[in-house]
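Nothing here was measured: the structure is a model prediction, and the numbers come from that model. To find a chain, count down the sequence lines: A is the first, B the second, and so on, and within it residues start at 1.
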Amino acid sequence: MRIENLCVKRQIGDVAGATTRGHKMAIKGGYIYQTFQGGYTLTPTGWRVVHKIENIIRDEMDKIDGQEILMPVVCTADLWRETGRYDAMAVLAKFKGSSGADYVICPTHEEVVTDYARSVIGSYRQLPFMLYQIQTKFRDELRVRAGLIRTREFIMKDGYSFHETQEDLERYYKLCFDAYYRIFRRCGLKNIIDVMSSTGDMGGAVAHEFQLVNEMGEDTLYICDCGFRANKELEDQQGGGENAVCPKCGKPMQKVRGIEIGNIFQLGKKYSDSMHMTYTAADGTEKTPIMGCYGIGVGRTMAAILEESADDNGPIWNMETAPFAVEVIGLVDKENKTLPMAEKIYNELKNAGVDVLLDSRDIRAGEKFADADLIAAPIRLIVSEKNLSRNVIEVKYRVNDFDTSSLQSEFKIETCVADTLNTIQKLLHK
RNA sequence: CGGGGCGUAGCUCAGUCUGGUAGAGUACUUGCUUUGGGAGCAAGGUGUCGAAGGUUCGAAUCCUUUCGCCCCGACCA
């Protein structure tokens, strides 16, 4: 992609209507465009980032034998009446079709997935399995906040597992727990913790949230040296509050703010029971599966990265999440040698399958560098008169979770493409 | 839904109190000079002043209504 044709508006100077660092970066860098309150268009660069996060999630879900599906965004009210949530869920958006039928825009998919799963299941031999999707949700939240941190429409990865026994659910729950840490680490997030949480509208007994510890977070978390960590909602249920003491060891707990980007629940039989999902067990009796569910806010994960990882010049992605792996910058010279060379390197990288951006505009160097900081490709190749005279291409790095001090600061022209491919691999495997 | 704030050029904003030809910076287009961290000169285009009513000779400005947006609270798989 040539930068002049990239349909993304980057912005110099202040942005109006954004207060947190991440929200400002998202607007300044042109990653999101607000279409309405609580609804954002993901721009070409924003969508690239989201897509990369999604693919990390897919990769890790598939590793624990998750099976990707896609359910409808909208469904009729009957499934929601089966579980009683049609009238119980405050954020549920409802509308009537032209025939008068009641519809909901799904805020989560327990009902829909259980309806599918019960149509498939017959025997205990089919258990366990986990189904997941990455899809748009809508929740009619009372208030939105900080760009993609809290929206009404958002992309979520939601997974649902089905088991014969509580022991098997707990075994899988732990697998998913570990996969979540791998996902967030690969996204470049550093300060992630898991906390025990309340189960809210979801039902069930055991639940954990994955929180990015960050001062602009909207959740209050309690952390104890002994390892106990809980969300304020849960803590309140246990009689905590200000000056809470740890229920496990009795010592005072530390209070921090967090952005919730994922959560997992041991649901039990709430949905499988109320929706009459059964299978035939080994002893010939009809039994109800035990369920778990596993969510990640995909857009919110991008927003969390932006809150945690940016400098004054723009966001700092890592190689797995950056919209482009490489940006080639040709600095204008009098003899017109640099731009053809930049173009040549760009084409070779593109043919090698690299996500590469070319900036060969007839503008000043400073403007290109500042713009490059907003797009934040981890590898920046600079083609200039002074470098060409030495037969090299200058390399600069912008990456949030890799020590680049041991990497080359210039490539020889002849080996530039191979060296770049090599370096991309290094930045991918930490 | 309560409290506070804001809607004027693509963007950031002034002008509103005290009514009188629509503004600045930046961005954009063209030309010349520049060219390693958002250049200089010259010329050029840019608006339903969020919308609708009302008052007035005259409304961005005053009055009423309405729509949208931001922040705080309540709420929150």
Side-chain angles (χ1 to χ4, degrees), chain A residues 4 9-20 23-24 27-28 30 33-40 80 83 85 88-93 106-111 113 137-147 149-152 154 156-160 197-204 207-210 216-220 231-233 259-265 267 270-271 293-297 300 311-314 329-336 338-339 359-374 380 382-388 394 396 398:
Chain A
E4 62 268 33
K9 185 166 69 179
R10 280 89 66 202
Q11 197 169 320
I12 303 169
D14 291 340
V15 293
T19 53
T20 71
H23 190 188
K24 282 179 184 166
I27 303 291
K28 263 180 91 80
Y33 168 81
Q34 182 166 352
T35 302
F36 65 94
Q37 188 185 60
Y40 287 83
W80 291 76
T83 60
R85 288 208 293 185
M89 235 178 147
V91 298
L92 192 61
C106 294
T108 176
H109 278 75
E110 282 79 10
E111 282 80 355
V113 77
K137 302 272 190 276
F138 186 89
R139 289 181 192 173
D140 200 7
E141 301 279 0
L142 295 183
R143 190 156 97 78
V144 301
R145 205 174 92 86
I149 292 291
R150 184 165 218 78
T151 56
R152 297 206 166 86
F154 56 96
M156 181 165 112
K157 188 284 292 182
D158 47 323
Y160 309 87
S197 72
S198 65
T199 48
D201 281 345
M202 305 302 298
H208 288 86
E209 292 171 353
F210 290 80
M216 63 67 54
E218 54 192 353
D219 291 3
T220 302
N231 186 304
K232 186 179 181 184
E233 295 163 42
I259 303 169
E260 180 193 351
I261 54 180
N263 56 21
I264 56 179
F265 297 82
L267 288 177
K270 173 174 175 175
Y271 299 95
C293 80
Y294 316 92
I296 292 177
R300 191 182 277 187
D311 61 18
D312 291 341
N313 299 323
I329 295 180
L331 299 185
V332 178
D333 67 320
K334 285 203 180 73
E335 292 166 7
N336 196 27
T338 54
L339 298 188
D359 190 347
S360 59
R361 291 175 293 180
D362 185 14
I363 57 175
R364 298 170 69 83
E367 201 170 344
K368 293 187 184 183
F369 293 148
D371 208 6
D373 287 340
L374 288 173
R380 192 178 301 176
I382 301 166
V383 185
S384 71
E385 195 172 10
K386 71 178 184 188
N387 292 324
L388 277 188
E394 180 178 343
K396 286 199 167 173
R398 185 171 177 81

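K28(A) meets the side chain to side chain contact (heavy atoms under 4.5 Å, CB included) test with V15(A), L374(A); sequence neighbours excluded. For D373(A), the salt bridge (Lys or Arg N to Asp or Glu O under 4.0 Å) criterion is met by R380(A), R398(A), not counting sequence neighbours. Annotation: side chain to side chain contact (heavy atoms under 4.5 Å, CB included) contacts of T338(A) (sequence neighbours excluded): D333(A), V383(A), L388(A). For N263(A), the side chain to side chain contact (heavy atoms under 4.5 Å, CB included) partners two or more places apart in sequence, or in a different chain, are E209(A), E260(A), F265(A). With sequence neighbours left out, the ring pair (Phe, Tyr, Trp, His ring centres under 6.0 Å) criterion links H208(A) to Y173(A), F177(A). For D140(A), the salt bridge (Lys or Arg N to Asp or Glu O under 4.0 Å) partners at least two apart in sequence or on another chain are R152(A). With sequence neighbours left out, E367(A) forms a side chain to side chain contact (heavy atoms under 4.5 Å, CB included) with I363(A).
Residue contacts shown for E218(A) are absent, as no nucleic acid heavy atom lies under 4.0 Å away.
For the OP1/OP2 pair of C70(B) and a distance below 4.0 Å, the side-chain nitrogens and oxygens of Q37(A) include at least one atom meeting the criterion. Note on R145(A): a side-chain N or O is less than 4.0 Å away from OP1 or OP2 of C72(B). Note on Q11(A): every side-chain N or O is 4.0 Å or more away from OP1 and OP2 of G38(B).
Minimum atom distance to the side chain of R143(A) is reached by G73(B), of the listed C69(B), G73(B), C11(B). Distances from the side chain of K9(A) to the nucleotides C11(B), G37(B), A74(B) place C11(B) closest. Considering only the side chain of D371(A), G38(B) comes nearest among C13(B), C71(B), G38(B).
The main-chain N or O of R361(A) is found under 3.5 Å from a side-chain atom of D359(A) such that the two form a donor-acceptor pair. Judged purely by atom type and a 3.5 angstrom limit, Y160(A) uses its side chain to pair as donor or acceptor with the backbone of H109(A).
Straight-line distance between the P atoms of C6(B) and U16(B): roughly 14 Å, to the nearest whole Å. Comparing C28(B) with A9(B), their C1' atoms sit 11 Å apart, to the nearest whole Å. To the nearest whole angstrom, the two C1' atoms, one in C11(B) and one in C17(B), are 28 Å apart. Using atom P as the reference point in both U48(B) and G23(B), the two lie 16 Å apart (nearest Å). Nucleotides U12(B) and G58(B) have their C1' atoms positioned 31 Å apart, rounded to a whole Å.
In this entry the distance linking CD of Q34(A) with C1' of C71(B) reads 13 Å, nearest Å. Atom CD1 of I149(A) is separated from atom P of C75(B) by 20 Å (rounded to the nearest Å). Taking atom CD1 of residue I27(A) and atom P of nucleotide G10(B), one finds them 18 Å apart after rounding to whole Å. Rounded to an integer number of Å, the gap from L92(A) CG to C75(B) C1' is 15 Å.
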Check nucleotides 7-9 of chain B against the protein and report each pair of N or O atoms closer than 3.5 Å, with its distance, or say if there are none.
none

Under 3.5 Å, N/O pairs linking protein and nucleotides 27-35 of chain B:
{"residue": "U34(B)", "atom": "O2", "partner": "R364(A)", "partner atom": "NH1", "Å": "3.2"}

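Sparse packing is recorded around OH of Y33(A), with 12 or fewer heavy atoms of other residues, nucleotides or ligands lying under 6.0 Å away.
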